[in-house]
Amino acid sequence: MKTEEEAIADAMASHVAGVHAGPTLGRDVRRRHRAHVLRFRTAGAALVTALVAVTVPALINSGEPPKTQHAATGPDRAVMDLVTVPSVVDMPAAKAVATLKQAGLVVEDPETATEKGQVRAQAPAAGQEVPKGTNVQLTVGPEVSLPQDLGDLGDGRKFGGIHVGYLPDGLEWGKWSGKNGFGKTSYTTTFTEPGQEEGFYAVQVVVFADEASKQIAQQLATYSKDGAEILDIAGKRAYLAKITEGGEVDSGPGDSTTSTIGWTLREGLAVEVYISPDYAKKVDAGAELKKIAEGIEPVK
């Protein structure tokens, strides 16, 4: 009398008789069903036969070598833990390493964490999704001090080589500054009314340094011919006028004109101050511009 195992073997042999499996079939079947072998060894012949009937044809009828099931797509797939790479460019090296570590990433170069410079580049780039524990390569350069016109300016009054002493009551720094928007080596910031909408200003100050300062000297010559008021600011000639968007002097009421004063503080350093059309309706723009100009001094 046949044992149970022999009966199972005969049943399987009968079911797949005439079927020619590829050389890798046994390996693939074992790999795919290794976790279920013990359960099938104690099952009846009908269960084993049903298993072979379902799985074997799927592997051998296509005429192609069987494909190994990838762990990421099968029922037993491994879930990959992805993290988004944070931006650490311009951070001090030590802070960048700490930020990446907090995000679940690593910097394998031990010297990077101790460098005193700032991160100039990173790979992978910020925003990419990578597996947790990925090594991020950092390029660190010498530490660079921000120009005086950028970064935290305190109350905003000292920037670009000048200090603003007087401002109309109630104005506050607009908490931004810009560079080269009015020509190379030009600097600007604004002062606003409390609660004023972003992008609007009450007073704007522009500093023209080095080559850019020549613009003010040229405008002084032009505006004086076009009817601007010429006055003295700390012993320097200045122009006071309402300027159109086209850069021309407007002697009329001009609601869309900008009240402007401009002068040269010293060689290579000049200033223009604007009062916006809206704020000019609330104050004596000419008188306030004179006070602002008189309170501006060059700083080292």
Side-chain angles (χ1 to χ4, degrees), residues 146-183 185-196 199-224 228-243 247 249-250 254 257-300:
L146 291 173
Q148 189 179 25
D149 62 301
L150 300 175
D152 183 2
L153 304 183
D155 60 2
R157 291 177 181 241
K158 185 178 180 180
F159 76 104
I162 69 165
H163 179 265
V164 180
Y166 169 82
L167 286 170
D169 290 340
L171 296 189
E172 59 187 22
W173 182 40
K175 295 183 175 58
W176 79 278
S177 57
K179 183 177 181 179
N180 298 339
F182 292 79
T185 61
S186 66
Y187 312 88
T188 186
T189 194
T190 57
F191 300 90
T192 64
E193 298 178 271
Q196 193 166 20
F200 289 82
Y201 72 98
V203 173
Q204 181 167 5
V205 182
V206 182
V207 178
F208 300 83
D210 302 325
E211 190 68 22
S213 66
K214 296 179 180 179
Q215 297 180 42
I216 301 304
Q218 293 170 354
Q219 288 173 191
L220 177 61
T222 300
Y223 290 164
S224 62
E229 180 183 352
I230 305 302
L231 45 95
D232 182 278
I233 298 294
K236 304 293 185 180
R237 295 180 73 223
Y239 53 82
L240 177 65
K242 293 180 179 180
I243 307 300
V249 175
D250 188 345
T257 58
T258 300
S259 299
T260 304
I261 192 168
W263 74 106
T264 299
L265 276 77
R266 57 172 171 75
E267 186 177 356
L269 187 66
V271 180
E272 263 192 335
V273 182
Y274 318 133
I275 285 184
S276 70
D278 289 339
Y279 190 61
K281 297 174 183 178
K282 303 177 182 180
V283 298
D284 184 337
E288 292 293 351
L289 284 173
K290 289 178 185 178
K291 291 179 183 179
I292 294 171
E294 290 167 351
I296 290 179
E297 297 178 347
V299 295
K300 294 181 179 181

Minimum-distance pair of heavy atoms, taken over all atoms of [X] and [Y]:
X: I292; Y: P168; result: CD1-CD, 4.0 Å
X: L220; Y: Y239; result: CA-CD2, 3.5 Å
X: F191; Y: W173; result: CD2-CA, 3.6 Å
X: K282; Y: E193; result: NZ-OE1, 3.0 Å
X: I261; Y: A238; result: CG1-CB, 4.4 Å
X: R266; Y: P298; result: NE-CB, 3.8 Å

For the backbone of [Y] and the side chain of [X], can you confirm whether one donor and one acceptor N or O come within less than 3.5 Å of each other?
X: D250; Y: I243; result: no
X: S213; Y: A209; result: no
X: T260; Y: T258; result: yes
X: T190; Y: Q204; result: no

- For the pair F208 and F182, name the ring-plane relationship: parallel under 30°, tilted 30 to 60°, perpendicular over 60°.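 F208 vs F182 ring planes: perpendicular.
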Drop me the distance from [X]'s [atom1] to [Y]'s [atom2], to the nearest 0.5 angstrom.
X: T185; Y: D210; atom1: OG1; atom2: CG; result: 5.0 Å
X: I216; Y: T264; atom1: CD1; atom2: OG1; result: 7.0 Å
X: D155; Y: E172; atom1: CG; atom2: CD; result: 11.5 Å
X: L265; Y: E297; atom1: CG; atom2: CD; result: 9.0 Å
X: T189; Y: K175; atom1: OG1; atom2: NZ; result: 10.0 Å
X: K291; Y: L167; atom1: NZ; atom2: CG; result: 12.0 Å

- Task: Check step by step if salt bridge (charged side-chain N to carboxylate O under 4.0 Å, His left out) holds for E229 and K242.
- Result: CA-CA 10 Å; E229 180 183 352; K242 293 180 179 180; over 6 Å; no
- Can E272 and Q215 be counted as having a side-chain donor-acceptor contact under 3.5 angstrom?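 There is no such pair between these side chains.
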- Message: For Y279 and E288, which I'm curious about, is there any donor-acceptor pair between the side chains at under 3.5 Å?
- Response: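 No pair is found: no donor N or O on one side chain lies under 3.5 Å from an acceptor on the other.
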A side-chain contact here means heavy atoms from C-beta on lying under 4.5 Å apart; do [X] and [Y] qualify?
X: L269; Y: V207; result: yes
X: V205; Y: F159; result: yes
X: T188; Y: W176; result: yes
X: L289; Y: S259; result: yes
X: L171; Y: T192; result: no

- For I162 and Y187, run side chain to side chain contact (heavy atoms under 4.5 Å, CB included): C-alpha distance rounded to whole Å, both residues' side-chain angles, the deciding distance at 0.1 Å, then the answer. CA-CA 10 Å; I162 69 165; Y187 312 88; over 6 Å; no
- Task: Answer yes when K214 and E267 have at least one side-chain N-carboxylate O distance shorter than 4.0 Å, and no when they do not.
- Result: no
- Could you please spell out the steps behind the side chain to side chain contact (heavy atoms under 4.5 Å, CB included) verdict for H163 and V299? CA-CA 7 Å; H163 179 265; V299 295; 3.8 Å; yes
- Message: Please determine whether side chain to side chain contact (heavy atoms under 4.5 Å, CB included) holds for the pair W263 and V273, giving the CA-CA distance in whole Å, both sets of side-chain angles, and the decisive distance to 0.1 Å.
- Response: CA-CA 9 Å; W263 74 106; V273 182; 4.1 Å; yes
